[in-house]
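So the structure is just underneath, and the comments pick up after that.
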Amino acid sequence: MVHIILPLCVSTVLFVSFCNGDMIDVIEPLMIKPAECNGTCLPWSEAPHNLWKNNAVPKGADANCAQPGVAVNEHPYGAWCFCSGGGSIPSPPPAVFYGTIDNTDGYVKDGPLGINIFENGTAQFLWTWDHDSDGHTCVPVNALFEWKVSSNGTVTAQSSDFYYHFIGNATHDSAGEKMFVGNWFNPTNELCGSWSVIAGATPKQSSCDVGTWGYCTSSHGVPEQINLQVAGPDSIVVSFVTFEPSDPTSPPLVQVGLSATSLHTTVKGVTHKHTTSSASGTPVRTLYMHFALLEKLQPRATYYYTVASGSSGAVASPVTSFRAPYGTGETRIDIFGDMGIYRWNNMEWLQRDCAAGDATADMIVHMGDHAYNEGEESERRADGYMHAYQPVLSKCPWMPIVGNHEFYSGAELGRYLDSTWEGWGNISGGPVGAGRNTATSSLGALLSRANHAGAGSRGSTPSNTSRYFSVDFGLVHLVALDFNMYYGDDPCGMPCAADQLTWLKEDLAKANKNRQNIPWVMAMAHYPVYCTGCNGNSDVTGEYYSSADAELYGNCNVSASQAYGAKRTASRATPPKSVRGASNNLVSDMQPILASFGVDFFMAGHWHYYESLYPGVKGTAECLSCLQPTQKNFVNPKGTIHVTTGNGGPPGKDSFTEHCPGEDCGNITSTRAQTTEFGYGRLVVHNSSHAEFTQYFNANGSVFDHFVVVQTTHKPFDQHN
């Protein structure tokens with residue numbers, strides 16, 4: 001089979017790079033054209049060019065299936081194309097204000113928006129796709145619009161994140177409530193539909209007569225979603241997906257070598273069969289997930305590899321390369337949480353960082369909430385996410401960590417959890433040995449399987465689970481933790497939390513004995529321990545705080561929490577803990593461990609903002625999660641440095657004033673720097689005593705925050721003078 005390859009091609013994907021960051025353009029020449037198109041796609045040159053980055057159709061797009069980066073918000077389920085015939089494409093998804101419009105000044109409150117719709121400026125809106133009549137399976141997509149309001153009340157809006165524009169008027173309804181009405185137009189200025197907003201009103205939409213489109217499907221036996229997961233300082237797990245007409249009869253193969261023309265080593269892997277959930281009402285699909293462990297790699301060496309399933313019609317992926325992990329020397333890690341398949345994510349910056357000749361980054365850590373939500377449309381959203389991520393992750397090893405959105409997989413609180421490498425069991429009938437597996441989505445299974453093959457069973461202190469694990473990389477001991485059980489996502493609950501704490505103490509005790517070789521310790525989780533807003537509200541439940549509804553209405557929205565609780569009452573045996581109660585339990589468990597083992601950094605996401613804190617050991621009696629600084633510098637810290645970087649590219653932004661009034665309204669006493677702009681971080685450890693952290697903006701790659709840490713003695717903080 002012929003593969004079309006551009007200079008930055010990976011596997012069957014054409015990756016197209018331009019000068020700005022954000023979501024990348026991906027071309028899929030081997031995917032099957034949509035059924036709606038009768039196997040024929042319209043050449044992209046004949047479609048609107050502003051669907052693509054840089055407002056230009058990239059070389060190689062032709063009439064292939066593709067994921068244009070600018071259009072990914074409206075087409076989140078993978079590669080697609082316009083049909084060569086006529087028809088209509090959907091107009092913008094229904095737009096809804098999540099919050100209350102104050103009749104005095106038009107300010108949207110009680111939600112994550114915080115805008116005045118009757119003043120000039122940048123306005124942030126949440127868009128939803130309705131998949132059923134009650135709207136409960138809507139997926140939020142954030143769009144930034146530049147609003148211009150004329151003296152006569154005319155409102156115009158244009159967005160670089162959304163390829164439709166709006167023209168309308170600010171007015172009042174019959175009851176005197178402020179509102180605005182108008183029309184949406186497509187890129188060629190054709191009318192798409194009317195729009196009106198009054199505090200949560202959903203407009204009626206029509207369609208634009210531009211051209212029929214459809215999603216493409218995977219070809220049999222063609223590797224896709226290729227990604228590399230760190231398993232240790234000299235090993236990685238190669239994982240990928242294929243779709244097959246029948247079960248493969250042989251194990252998958254990875255051919256690897258130090259030259260693109262000399263792939264002399266063949267490594268056999270294992271295959272796991274996964275059938276998607278039928279909970280969403282969409283047809284089930286079967287995915288074959290393949291994993292192979294590459295060991296005893298030469299540190300920092302460039303390896304070349306190709307993968308293929310064990311089916312009779314298997315197609316080998318094009319040869320690509322990666323840099324091997326290492327156990328010594330300067331260590332460079334890109335780190336963030338909450339990156340979905342949205343226009344403003346950081347995928348292109350990650351690809352550049354890892355592809356740079358001077359190795360700007362050698363590893364990626366994603367601290368949970370990977371796809372928002374992978375269970376949609378028989379898990380096609382997960383496919384689209386991993387297709388888009390492949391140009392990065394097939395070249396740069398990563399470490400995925402579980403977040404609360406990994407539980408939303410067609411059924412609420414579906415489990416991302418997995419069992420051990422030794423105890424693997426069937427995924428919907430797949431032959432994988434003895435034991436069991438409880439992952440409920442293909443993405444959950446794909447990520448957790450590889451974690452088990454790698455760090456979960458082979459880390460410095462094997463945990464035998466993808467729930468929590470550790471791995472040594474360069475000069476850093478990395479610890480991935482799962483806090484979902486504190487907030488109600490995880491049915492395993494506090495017994496699992498207790499098991500994790502027992503393992504964590506053992507792991508950190510071993511890490512401290514090895515600090516002469518690996519001096520720095522960084523713990524990570526999706527949920528932060530200390531942050532602005534972490535104290536929450538005694539009237540907001542933990543299960544709401546960790547729910548998809550909180551993405552729409554705000555983490556500390558009392559009325560939304562009450563509405564969510566009313567929906568959940570029938571399936572709940574006991575009242576849920578408040579956010580404050582859950583947070584206090586988490587802090588009480590983690591605070592003494594972080595201090596007594598001298599953990600240098602604690603990184604987290606979940607909150608869709610960036611906040612760095614000065615070193616600290618504990619909070620106050622009134623607010624356990626309000627970290628008190630031990631100093632206002634980073635020279636020989638006497639406490640853990642906490643950073644929340646949860647804005648890698650989520651559906652929307654959170655606010656630092658969601659919990660107001662409150663002890664953590666706006667900031668806490670240890671707050672050093674804050675921003676709600678989308679971005680990601682990078683940790684560079686130079687040697688045993690010096691490390692630096694930098695936070696970059698997704699939009700242009702500029703630096704927002706940077707600090708240098710000097711730690712001459714790594715030891716428990718209660719032993720520092």
Side-chain angles (χ1 to χ4, degrees), residues 337 367 479 481-487 494 497 500-501 504-505 508 521-542 545-546 555-556 577-607 609-634 636-646 654-674 693 707 709 716-720:
M367 298 179 292
V479 184
L481 299 172
D482 175 13
F483 293 159
N484 283 291
M485 64 282 289
Y486 288 93
Y487 295 99
M494 298 318 292
Q500 178 174 237
L501 293 174
L504 178 60
K505 294 174 184 177
L508 292 177
V521 175
M522 180 166 69
M524 303 157 293
H526 180 62
Y527 291 99
V529 179
Y530 300 100
C531 77
T532 297
C534 278
N535 194 46
N537 191 307
S538 58
D539 295 322
V540 174
T541 64
Y545 174 75
S546 64
N555 289 321
C556 300
K577 288 188 178 73
S578 67
V579 172
R580 184 169 300 172
S583 179
N584 286 348
N585 287 344
L586 172 60
V587 174
S588 297
D589 282 349
M590 291 302 300
Q591 183 274 328
I593 294 176
L594 297 175
S596 62
F597 289 100
V599 175
D600 298 293
F601 298 97
F602 189 93
M603 303 282 179
H606 189 68
W607 282 84
Y609 61 50
Y610 168 79
E611 180 177 52
S612 61
L613 306 181
Y614 284 110
V617 173
K618 60 182 179 180
T620 66
E622 295 77 18
C623 179
L624 296 187
S625 59
C626 298
L627 185 68
Q628 302 299 294
T630 56
Q631 65 218 73
K632 289 293 183 79
N633 59 64
F634 298 100
N636 288 319
K638 297 179 176 62
T640 301
I641 300 165
H642 291 258
V643 175
T644 299
T645 175
D654 287 330
S655 167
F656 293 103
T657 58
E658 288 190 26
H659 183 213
C660 292
E663 300 88 342
D664 56 351
C665 173
N667 58 62
I668 56 180
T669 56
S670 58
T671 296
R672 177 183 175 280
Q674 295 176 324
F693 182 86
F707 57 88
V709 181
F717 293 124
D718 55 12
Q719 296 179 16
H720 283 259

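The basis for the numbers below is simple: all heavy atoms, side chains too, and nothing from hydrogens, waters or symmetry mates. Quantities reported herein were computed from a predicted structural model and do not represent experimental measurements.
For S670 (side chain) and L613 (main-chain N/O), no donor-acceptor pair under 3.5 Å exists by modelled atom type. In terms of modelled atom types and a separation under 3.5 Å, the side chain of Q674 and the main chain of G666 share a donor-acceptor contact. Counting only distance, with no hydrogens or angles, the side chain of D664 and the backbone of T532 share no donor-acceptor pair below 3.5 Å. S583 places no side-chain N or O within 3.5 Å of a backbone atom of N535 that could act as its donor or acceptor partner. Within the 3.5 Å criterion, the main-chain N or O of C531 finds no donor-acceptor partner in the side chain of E611. In this structure, D600 contributes its side chain and M522 its backbone to no donor-acceptor pair below 3.5 Å.
Nearest heavy-atom pair, V617 versus G639, reported as atom, atom and distance to 0.1 Å: CG2-CA, 3.8 Å. Residue F483 comes nearest to Y487 through the heavy atom pair O-CD1, 3.6 Å, listed as atom of the first residue, atom of the second, then distance. Shown here for T669 and K632, the closest heavy-atom pair between the two residues is O-CE, 3.7 Å. The two residues V709 and P637 come nearest to each other via the heavy atoms CG1-CG, 3.9 Å. Pairing each heavy atom of Q631 with each of K638, the nearest pair is OE1-N, 3.0 Å. Closest approach of P615 and I641 over heavy atoms only: CG-CG1, 3.9 Å.
Each of F602, F693, F601 was evaluated against V643; a single residue qualifies, F693, per the side-chain contact (heavy atoms from CB on, under 4.5 Å) test.
With contacts defined as side-chain heavy-atom distances shorter than 4.5 Å, the pair T645/M367 qualifies. At least one side-chain heavy atom of I668 sits under 4.5 Å from a side-chain heavy atom of T671. Side chains of H642 and L594 form a contact here, defined as non-hydrogen atoms less than 4.5 Å apart. The closest side-chain heavy-atom distance from L624 to K618 is not below 4.5 Å.
Atom CG in N484 sits 11.5 Å away from atom CG in L481 (nearest 0.5 Å). Between the CE atom in M494 and the CG atom in N585 there is a gap of 5.5 Å [rounded to 0.5 Å]. Atom NE2 of H526 is separated from atom NE2 of H606 by 5.0 Å, given to the nearest 0.5 angstrom. One distance of note links CD of E663 with CZ of R580; it measures 5.0 Å at 0.5 Å rounding. Remark: Q628 CD to Y530 OH distance equals 10.0 Å, nearest 0.5 Å. Of the inter-residue distances, the one linking I593 atom CD1 with L504 atom CG reads 5.0 Å to the nearest 0.5 angstrom.
The ring of Y609 has its center closer than 6.0 angstrom to the ring center of F656.
Not less than 2.5 angstrom separates the SG atom of C626 from that of C534.
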T630/Y614 under side chain to side chain contact (heavy atoms under 4.5 Å, CB included): CA gap, chis, key distance, verdict = CA-CA 8 Å; T630 56; Y614 284 110; over 6 Å; no
Decide side chain to side chain contact (heavy atoms under 4.5 Å, CB included) for R672 and F634; before the verdict, give the C-alpha distance in whole Å, the side-chain angles of both, and the deciding distance to 0.1 Å.
-> CA-CA 11 Å; R672 177 183 175 280; F634 298 100; 3.5 Å; yes
